[in-house]
Amino acid sequence: MTPTLSQRFRDYLEQRRIHRNRLVTKDGHCNIEFGNVRYNNRFAYLLDLWTTILEFRWTVVLSLFTASFLLCWFIFGLIWFWIAHDNGDLWWQNPPDDHNPCVINVIGLTTAFLFSFTSQMTIGYSIRVITPICPGAIVVLIIQTLIGTIVKSFWCGVVIAKMALPKKRAKTINFSKMAVICPRNDALCLQIRVANLRKSMLVGSQIYGKLLRTTVTPEGDTIIMDQISIDFMVDAGKDNLFFICPLTLYHEIDKTSPFFEMAVNTLQQQEFELVVFLDGTDEFTNFSCQVRTSYIPREIMWGYEFLPIISRSKEGTYSVDFSEFSKVMPVATPHCADCFNNEKAHYYDPRDGTDNPVFEASETPNQEEKTPVNFRTVRKKS
């Protein structure tokens, strides 16, 4: 069924609300505002001018780039205009035929601006040439050449540094849109998938997570954005990942995990945000980078697992199918971590507890006692 225009509009508003309410967006940007910052603290941005400019968008950088050159040319154009005026070189001053100008053919503001432009950019002179008549003009020419060199060097460094920012490398690191909870290695695990779209390796890759939520201490104090560490690992460990192909990272939900008290029917009622970090160093540029993403309760699917995406041909060639990167399939999963780790809690009567829509209950006679016993099967509903 095709959604109506009003439904699409409501979905759009809902997505914008979720985007505003989460601390870290899916692409890694932080949603936080700083209020009541003192004016003297704002000057710290000017003291750290290099970082401030690098944090600007490209449109702002290019605007400042253009404005700085135009302003410099215009200011020195006014200086050359003043020098020509002081020497009587301007056309409306009616200089005599045997007059010796400071700069040949600088007879107005426009020609002074053109001479300033050609002098600073060192593109060569043609009909406007400085003469040795005015020593002050020679000093101004030297000063403008030095300042022009500094301006060009600064903006050249800004453009190169901005193009080589490590966060650009992070654009080629993809996380799965959803996280899943399912059994793995005889434990209930929360899993995410991450892929490196480049063939260049990330050396020393490490991944970890932070669970952000509001908690109340026993003393009654409310801690907003309380951070709880979440450890992720692969089968080979959690440090120095061999990041040549997509990896499925998992967090074991044991009694020390904040997810241990959650169940399939209470997960969506929780208010938390799971922020996942990936740190690494690119082997080509030697730049360290950090990739971030986040998952909220509605983006965690209980009772699902990721589809396999790595295959090997008969010739021994490995290939990755990224069309299946974020796709999942249902899998038999207990409705809570306690059910998985506690045998008595795992088999229970849904009439006395909380039902799990992923499974269905059935009565199976105990062969020894010949009495019916209610327990949870692992057969998914059709």
Rounded distance (nearest 0.5 Å) linking atom [atom1] of [X] with atom [atom2] of [Y]:
{"X": "M301", "Y": "M329", "atom1": "CE", "atom2": "CE", "result": "12.5 Å"}
{"X": "F277", "Y": "I207", "atom1": "CZ", "atom2": "CD1", "result": "10.5 Å"}
{"X": "N265", "Y": "H335", "atom1": "CG", "atom2": "NE2", "result": "6.0 Å"}
{"X": "K327", "Y": "E305", "atom1": "NZ", "atom2": "CD", "result": "15.5 Å"}
{"X": "T214", "Y": "I223", "atom1": "OG1", "atom2": "CD1", "result": "9.5 Å"}
{"X": "L249", "Y": "I192", "atom1": "CG", "atom2": "CD1", "result": "5.0 Å"}

Are [Y] and [X] connected into the same hydrophobic cluster when the rule is that any two of I, L, V, M, F, W, Y join if their side-chain heavy atoms are below 4.5 Å apart?
{"X": "I143", "Y": "W73", "answer": "yes"}
{"X": "F117", "Y": "L109", "answer": "yes"}
{"X": "V129", "Y": "M121", "answer": "yes"}
{"X": "W82", "Y": "I138", "answer": "yes"}
{"X": "F56", "Y": "V158", "answer": "yes"}

Is the backbone of [Y] close enough, under 3.5 Å, to the side chain of [X] for a donor and an acceptor to pair up by distance?
{"X": "N185", "Y": "A187", "value": "no"}
{"X": "Q268", "Y": "P297", "value": "yes"}
{"X": "R57", "Y": "T59", "value": "no"}
{"X": "T149", "Y": "I147", "value": "no"}
{"X": "T172", "Y": "L197", "value": "no"}
{"X": "E283", "Y": "M201", "value": "yes"}
{"X": "T118", "Y": "F115", "value": "yes"}
{"X": "R193", "Y": "F175", "value": "no"}
{"X": "K162", "Y": "I53", "value": "no"}
{"X": "T52", "Y": "D48", "value": "yes"}

Can you give me the closest heavy-atom contact between [X] and [Y], atom names plus distance?
{"X": "C289", "Y": "L202", "answer": "SG-CD2, 4.2 Å"}
{"X": "F322", "Y": "A195", "answer": "CE2-CB, 3.6 Å"}
{"X": "V151", "Y": "S68", "answer": "CG1-OG, 4.4 Å"}
{"X": "I228", "Y": "P258", "answer": "CG2-CG, 4.2 Å"}
{"X": "P334", "Y": "W302", "answer": "O-NE1, 2.8 Å"}
{"X": "T248", "Y": "V234", "answer": "O-CG1, 3.8 Å"}

Looking at [X], I want to see if its [atom1] is surrounded by more than 12 non-hydrogen atoms of other residues, nucleotides or ligands under 6.0 Å.
{"X": "L49", "atom1": "CG", "value": "yes"}
{"X": "N286", "atom1": "CG", "value": "no"}
{"X": "W92", "atom1": "CH2", "value": "yes"}
{"X": "W50", "atom1": "CH2", "value": "yes"}
{"X": "Q93", "atom1": "CD", "value": "yes"}
{"X": "F74", "atom1": "CZ", "value": "no"}

Can you confirm whether [X] sits close enough to [Y] that some side-chain heavy atom of one is under 4.5 Å from a side-chain heavy atom of the other?
{"X": "Q120", "Y": "C72", "answer": "yes"}
{"X": "L307", "Y": "V328", "answer": "no"}
{"X": "I181", "Y": "C189", "answer": "no"}
{"X": "P246", "Y": "V194", "answer": "no"}
{"X": "Q191", "Y": "C182", "answer": "yes"}
{"X": "L190", "Y": "Y250", "answer": "no"}
{"X": "V24", "Y": "T293", "answer": "no"}
{"X": "T333", "Y": "P183", "answer": "yes"}

Next on the checklist: Under 6.0 Å between ring centres: does that hold for Y295 and F272?
Outcome noted: no
Checklist entry - Checking ring pair (Phe, Tyr, Trp, His ring centres under 6.0 Å) for the pair W80/H85: CA distance, chi angles, key distance, verdict? => result CA-CA 8 Å; W80 289 114; H85 177 272; over 10 Å; no
Item to check | From CA spacing to verdict: side-chain contact (heavy atoms from CB on, under 4.5 Å), V106, F81 | outcome: CA-CA 8 Å; V106 174; F81 178 81; over 6 Å; no
Next on the checklist: Under the criterion side-chain contact (heavy atoms from CB on, under 4.5 Å), I'd like the reasoning laid out for I230 against L274: C-alpha separation, chi angles, the key distance, then a yes or no.
Outcome noted: CA-CA 9 Å; I230 303 295; L274 175 61; 3.9 Å; yes
Next on the checklist: Looking at C134 and C102, are the sulfur gammas closer than 2.5 Å to each other?
Outcome noted: yes
Checklist entry - Cut-off 3.5 Å, side chains only: do S311 and S319 have a donor facing an acceptor? => result yes
Item to check | Side-chain donor-acceptor pair present, D279, Q206, cut-off under 3.5 Å | outcome: no
Checklist entry - Going through the checks in order, is the side-chain hydrogen bond (donor to acceptor under 3.5 Å, both in side chains) test met by Q144 and S116? => result CA-CA 8 Å; Q144 183 178 6; S116 172; 2.9 Å; yes
Checklist entry - Hey, mind stepping through H99 and D89 against side-chain hydrogen bond (donor to acceptor under 3.5 Å, both in side chains) and telling me if it holds? => result CA-CA 8 Å; H99 177 73; D89 300 340; 2.5 Å; yes
Next on the checklist: Under the criterion salt bridge (charged side-chain N to carboxylate O under 4.0 Å, His left out), I'd like the reasoning laid out for E299 against K26: C-alpha separation, chi angles, the key distance, then a yes or no.
Outcome noted: CA-CA 11 Å; E299 295 170 345; K26 298 298 287 185; 3.5 Å; yes
Checklist entry - S294 and E273: side-chain hydrogen bond (donor to acceptor under 3.5 Å, both in side chains), yes or no, with the steps? => result CA-CA 7 Å; S294 70; E273 184 172 347; 3.1 Å; yes
Checklist entry - Mind checking whether F65 and W155 have parallel, tilted or perpendicular rings, split at 30° and 60°? => result perpendicular
Item to check | Derivation and outcome, side-chain contact (heavy atoms from CB on, under 4.5 Å), residues Y208 and V276 | outcome: CA-CA 6 Å; Y208 55 96; V276 183; over 6 Å; no
Next on the checklist: Run the side-chain contact (heavy atoms from CB on, under 4.5 Å) test on L212 and L23 for me, step by step, so that the C-alpha distance in whole Å, both residues' side-chain angles and the decisive distance to 0.1 Å come before the verdict.
Outcome noted: CA-CA 9 Å; L212 309 178; L23 178 65; 3.2 Å; yes
